[in-house]
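These numbers were taken from a predicted model, which means no experiment stands behind them.
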Amino acid sequence: MTHLFSRNRRQLVLGAGAIGVLPWLAGCGQSGQGFAGIDITGADYATGFALTDHNGQMRTLADFRGKAVVIFFGFTQCPDVCPTSMSEMAQARELLGADGERLQGLFVSIDPERDTPEIMKEYMAAFDPSFLALYSAPGELPELAKRFRIYYKKVPGATPTSYSMDHTAGSYVYDPQGRVRLYHRYGTGAQALADDIRKLLAGA
């Protein structure tokens, strides 16, 4: 199992780098603000969603107007990449000080078969109680992933329920007006994320 997780982690990191190239192909340019993340302002993908949170409430980007939003796609049984990314998101919120109240962290499950609302709520609480986990019906997940240019694939395990998931390992960042602005590759770090969010909150 350890070997499997190690292999998946390498694939996830490679996936993060691969999708990081896509915004350039889409023709989105730099804004001149010196962001650490990839500037995808004006992108025609990852523009919105309508998903249920772990409290059973339907959510859209409009619910978080006035806040910077960071969205990460993952699964709660992820051994390393997902908890690392969520921890960095929580650290970024702390680094923002009082402005941390204007950061909304969102975790979108790519494993709706196992990620129940109860499990996801507990998972979010381990990082920051203000963060929300979102999910779609299994049949709707492929279309959602397509609209966000997210890759995911089930990797069989020793038993039917012990499978893992390969997936894109980066985060989308939205400004307080709900516009997708940045793509942060896996491993960019909490400080870089906090610095970029501070710029977006200031109107960059």
Side-chain angles (χ1 to χ4, degrees), residues 5 8 12 16 45-96 99-155 157 160-176 178 180 183-184 186 190 193-194 197:
F5 285 156
N8 287 344
L12 288 170
Y45 54 92
T47 56
F49 58 83
L51 298 169
T52 306
D53 70 19
H54 61 242
N55 296 311
Q57 182 175 346
M58 182 62 67
R59 295 287 189 172
T60 69
L61 277 172
D63 294 326
F64 310 111
R65 285 293 175 90
K67 295 184 177 183
V69 175
V70 182
I71 298 179
F72 177 82
F73 286 73
F75 64 115
T76 61
Q77 296 192 39
C78 178
D80 43 24
V81 173
C82 299
T84 297
S85 297
M86 296 306 298
S87 292
E88 289 184 352
M89 198 184 299
Q91 290 166 21
R93 190 171 187 271
E94 292 181 2
L95 289 169
L96 287 168
D99 281 340
E101 296 296 323
R102 297 181 64 198
L103 167 61
Q104 179 62 58
L106 299 177
F107 175 93
V108 181
S109 174
I110 57 164
D111 187 15
E113 295 178 32
R114 295 183 299 189
D115 288 346
T116 65
E118 294 77 18
I119 289 174
M120 291 191 294
K121 184 175 184 177
E122 183 178 353
Y123 192 68
M124 291 298 97
F127 301 105
D128 191 294
S130 73
F131 290 175
L132 293 172
L134 307 174
Y135 64 94
S136 66
E140 298 173 357
L141 185 56
E143 178 59 29
L144 176 68
K146 181 179 179 181
R147 287 192 284 110
F148 276 78
R149 297 191 178 181
I150 294 296
Y151 165 83
Y152 72 97
K153 181 181 180 181
K154 182 184 292 188
V155 180
T161 59
S162 66
Y163 60 86
S164 186
M165 302 290 293
D166 282 347
H167 64 100
T168 301
S171 301
Y172 286 109
V173 185
Y174 299 75
D175 66 20
V180 63
Y183 181 83
H184 265 249
Y186 171 72
L193 180 59
I197 290 171

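- With values rounded to the nearest 0.5 angstrom, Ile150 atom CD1 is found 10.0 Å from Tyr45 atom OH.
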Checklist entry - When you look at Met89 and Phe127, which way does the side chain to side chain contact (heavy atoms under 4.5 Å, CB included) test go after all the steps? => result CA-CA 8 Å; Met89 198 184 299; Phe127 301 105; over 6 Å; no

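- Between Phe107 and Tyr123, the gap from one ring centroid to the other is short of 6.0 Å.
- Atom CE of residue Met165 and atom OG1 of residue Thr76 lie 11.0 Å apart, to the nearest 0.5 angstrom.
- One side chain, Tyr163 or Asp111, offers a donor N or O that lies under 3.5 Å from an acceptor on the other.
- Among residue pairs with one or both ends in residues 53-77, those qualifying as salt bridge (charged side-chain N to carboxylate O under 4.0 Å, His left out) are Asp53-Arg59; sequence neighbours excluded.
- Heavy-atom minimum distance, Arg102 versus Pro176: NH2-CG, 4.0 Å.
- For the pair Ser136 and Pro112, the tightest heavy-atom approach, listed with the atom from each and the gap, is O-CB, 3.6 Å.
- The NZ atom of Lys154 lies 13.0 Å from the CG atom of Asp166; values are rounded to the nearest 0.5 Å.
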Checklist entry - Given His184 and Val173, is the side chain to side chain contact (heavy atoms under 4.5 Å, CB included) satisfied, shown in steps? => result CA-CA 7 Å; His184 265 249; Val173 185; 4.0 Å; yes

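- Closest non-hydrogen pair, Phe148 versus Gly48, comes out as CE1-O, 3.3 Å.
- Between Phe49 and Ile71, some side-chain heavy-atom pair lies under the 4.5 Å cut-off.
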Checklist entry - Can Met86 and Met124 be said to form a side chain to side chain contact (heavy atoms under 4.5 Å, CB included), step by step? => result CA-CA 9 Å; Met86 296 306 298; Met124 291 298 97; 4.0 Å; yes

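- With rounding to the nearest 0.5 Å, the separation of CG in Leu103 from CG in Leu96 is 6.0 Å.
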Next on the checklist: Evaluate Tyr172 against Val108 for side chain to side chain contact (heavy atoms under 4.5 Å, CB included), listing each step before the verdict.
Outcome noted: CA-CA 11 Å; Tyr172 286 109; Val108 181; over 6 Å; no

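- Under a 3.5 Å cut-off, the side chain of Thr60 and the backbone N or O of Ala50 do not form any donor-acceptor pair.
- Here CG of Leu134 is found 10.5 Å from CD of Gln57. Values are rounded to the nearest 0.5 Å.
- The backbone N or O of Ala46 lies less than 3.5 Å from no partner atom in the side chain of Arg149, so there is not a single donor-acceptor pair.
- Checking side-chain atoms of His167 against main-chain N and O of Phe73 turns up a donor-acceptor pair under 3.5 Å.
- Listed here is the closest heavy atom pair of Gly74 and Cys82: CA-SG, 3.7 Å.
- In this structure, CG in Leu95 is found 9.0 Å from CG in Leu193, a value given to the nearest 0.5 Å.
- For the side chain to side chain contact (heavy atoms under 4.5 Å, CB included) criterion with Tyr174, the lone passing option out of Ile197, Thr47, Leu106, Val69 is Val69.
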